[in-house]
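Within every chain, numbering begins at 1; the chains are lettered A, B, ... in the order of the sequence lines, protein sequences first and strands thereafter.
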Amino acid sequence: MNRINAPRGTRDIVYPEITAWQILEERIREFYSRFLYREIRTPMFEHSELFQRGIGDATEVVQKEMYTFEDKAGRSLTLRPENTASVVRAAIEGGLFDAVFPLRFFYIGPMFRYDKPQKGRFRQFHQFGVEVFREENPELDAEVVYAAYAFLEELGLKEISLEVNSVGCEECRPAYLKVLQQEARAHQQELCLDCRRKIDTNPLRIFDCKQPGCRAAAATFSTITPHLCRGCADHFAGVRAGLDTYAVPYTVNERMVRGLDYYTRTAFEITSDRLGAQNAILGGGRYNRLVRDLGGPDIAGIGFAAGMERLLLHLEIAPGKDPQICFLACQSADSRADAMKLARQLWRAGYPAYLDYSAANLKKQFRRSDRMNAAFTLVLGTEESASGEVSIKDMVRQEQVRIPQQELLQWLDQRKS
RNA sequence: GUGAGUGUAGCUCAAGGGUAGAGUAUCGGUCUGUGGAACCGAAUGUUGGGGGUUCAAAUCCCCUCACUCACCCCA
């Protein structure tokens, strides 16, 4: 039989790595509840149309990276490549815009994109993120960015930088895109083939190209900032002022573009120097048209998503100390019943306990106890069984006592405090 | 989707056409009432898979799969 491995781009998370994940998730929940975000869990697959309409048909994600399949009834479903569209869908469907206040959600969970795996990039990966609805004040944008940045800071991430930009709205962006296209056409010869195609499909993306020719040409193109309409310009100014008030260090990158079509006005991104090519660890922005475009009321939204693998890649989360494990060693099968009764007491009292059923010689059992980092080894030998006692060896202090079995819990309780 | 590198024991890696090896981990013993050490011993492989060249392939060639890194894109 040939072995079956995990599908490409997926991986198993096992102990001890899993403890870092648990700690990270715990800290996300604690941190974001400070801002009154409430957790939301949406399905891991949705109707494909949700992502096509939400993220944008022309985006790379929708065109090339979706895990789309047909179910037995012929519906086209897609494993979620991101969670914003789902949250919006859930809010519309559940009538949450009227039922819940404040309209603040956070999520943690797996996302799926059919990419070629490399460092920090997987086909099943995990994101956490937040979404806020209805509030349109630029100060809220600043708060959301603060909530993104401060969390990473509190985790102890070093070498991260925050960039913000305004990508305009449906009022001012089309006019700017026309200007940009004209400028790009004038410099066509200097652009790579890829970028020449982008002129018509997605001119903003030319700013992302790393080819020297394209970079040089793009540097001469005008940015959106002078083309922002009054509303967007004022909003952007308000966001920057808010960031200053919240004391968030940022740089304005007028050429920053995001990969999803639904962003309006504020867009932001946090990158790390330590991740190789996949250096984006968090990205987000405002999406004032998305709710309406997905059939909901005309309500604004803003949010971000962060990649948990990338976060953990350069985060040394110290694994929590193992709890005080009790290892129960029996010298022979005769004392096993005593050991089982003691183990049951320990479990019921909340002590982690491991019972070695092998009745191998004590030397071996002590070795096993040592290797699982037990705090105590409880020995039930023929002598202890005969007298109703148990020997307890403190594996760290290397001290050993023998006490009546009934006093075990009491002894441990004392030891704990 | 494109490109490069790497696949040999659970793990880290040797052997570059001529009998597949070491370290480590595992298990057993020295040592059936006491762990971390030492010594001795044992087990473990379709050399990722398939095809080809050859008297002979882990080794050379082709295909395929996986991993790693980069491009693309993104978290």
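In this model, the phosphate group of B/C72 is not approached by any side-chain N or O of A/Arg205 to a distance below 4.0 Å at OP1 or OP2. The shortest distance between the side-chain N/O atoms of A/Arg371 and the OP1/OP2 oxygens of B/A25 is not below 4.0 Å. At B/A75, none of the side-chain N or O atoms of A/Gln127 fall inside 4.0 Å of OP1 or OP2 (strictly under the cut-off). Put simply, A/Arg8 has a side-chain N or O that comes within less than 4.0 Å of OP1 or OP2 on B/C67.
A straight line from NZ of A/Lys363 to C1' of B/U30 spans 10 Å, rounded to a whole angstrom. Following rounding to the nearest Å, A/Arg123 (CZ) and B/C73 (C1') show an atom-to-atom distance of 14 Å. Computed from coordinates, the A/Phe366 CZ to B/U32 C1' distance equals 14 Å when rounded to whole Å. Distance CZ (A/Arg113) to C1' (B/C72): 14 Å, rounded to an integer number of Å. We find that OH of A/Tyr67 is positioned 18 Å from P of B/C74, with the value rounded to whole Å. In this structure, the CG atom of A/Leu311 is 9 Å from the C1' atom of B/A75, given to the nearest Å.
Looking at heavy-atom distances under 4.0 Å, A/Ser332 makes no contact with the nucleic acid at all. Residue contacts shown for A/Gly381 include a base, since a base heavy atom lies under 4.0 Å away. Across all strands shown, A/Glu309 has no heavy atoms under 4.0 Å from either base or sugar-phosphate atoms. Nucleic acid contact for A/Gly284: none, since no nucleic acid atom lies under 4.0 Å from a heavy atom of the residue. Within 4.0 Å of A/Lys119, counting heavy atoms only, lie sugar-phosphate atoms of the nucleic acid but no base atom. In this structure, A/Arg367 reaches the sugar-phosphate backbone alone: every heavy-atom distance under 4.0 Å involves primed, P, OP1 or OP2 atoms, never a base. Residue A/Gln365 is classed as having no contact, given no heavy-atom separation below 4.0 Å to the nucleic acid. Across all strands shown, A/Lys364 has heavy atoms under 4.0 Å from sugar-phosphate atoms exclusively, and none from any base. In this structure, A/Gln331 reaches the bases: a heavy-atom distance under 4.0 Å links it to at least one base atom across the strands shown. Residue contacts shown for A/Glu82 are absent, as no nucleic acid heavy atom lies under 4.0 Å away. Among the heavy atoms of the strands, none lies under 4.0 Å from A/Val61. Across all strands, A/Gly129 comes closer than 4.0 Å to no nucleic acid atom at all (heavy-atom distances). Here A/Glu269 lies out of heavy-atom contact (under 4.0 Å) with every strand. Looking at heavy-atom distances under 4.0 Å, A/Phe122 makes contact with a base.
Using N1 to N3 plus N6-O4 or O6-N4 for Watson-Crick, or N1-O2 and O6-N3 for G-U wobble, each under 3.5 Å, B/G41 pairs with B/C27. Pairing for B/A70 is with B/U2, a Watson-Crick or G-U wobble pair whose two hydrogen-bonding atom distances lie under 3.5 Å.
Spacing of P atoms, B/G10 relative to B/U47, comes out at 12 Å, to the nearest Å. Remark: the separation of the C1' atoms in B/C62 and B/C55 is 23 Å, to the nearest Å. When the P atom is compared between B/G28 and B/U68, the two are found 35 Å apart, to the nearest whole Å. Here the separation of B/U44 from B/A9, taken at their P atoms, is 15 Å to the nearest Å. The same atom, P, is picked in B/U59 and in B/G52; the two are 14 Å apart, to the nearest Å. Comparing the P positions of B/A57 and B/G51 gives a spacing of 13 Å, expressed to the nearest Å.
Under 3.5 Å, the side chains of A/Arg255 and A/Asn253 contain no donor-acceptor pair of N or O atoms. With no hydrogens or angles considered, no side-chain donor-acceptor pair links A/Thr78 and A/Glu46 at under 3.5 Å.
Checking A/Thr382 against A/Gly307, the closest nucleotide of RNA chain B that is more toward the 5' end is the one next to A/Thr382. Positionally, the nearest nucleotide of RNA chain B for A/Gln400 lies more toward the 5' end than for the other of A/Pro7 and A/Gln400.
The distance from atom NZ of A/Lys364 to atom OG of A/Ser358, rounded to the nearest 0.5 Å, is 9.0 Å. Atoms OH and CD, from A/Tyr15 and A/Gln22 in turn, are 10.5 Å apart once rounded to the nearest 0.5 Å. Remark: A/Gln331 CD to A/Leu380 CG distance equals 10.0 Å, nearest 0.5 Å.
Applying the 3.5 Å distance criterion, the base of B/C73 shares a donor-acceptor pair with the side chain of A/Arg121. Side-chain atoms of A/Gln398 and base atoms of B/G36 include a donor and an acceptor less than 3.5 Å apart.
Applying the 90° criterion around 0 to the glycosidic angle, B/G7 comes out anti.
Under the 4.0 Å criterion applied to side-chain N and carboxylate O atoms, A/Arg53 and A/Asp293 are not assigned as salt-bridge partners.
Tested against A/Phe376, the residues A/Trp411, A/Tyr351, A/Tyr354, A/Phe327 include a single ring-ring contact (aromatic ring centres under 6.0 Å, His included) partner, A/Trp411.
Between A/Phe128 and A/Phe151, the ring center distance clears the sub-6.0 Å criterion.
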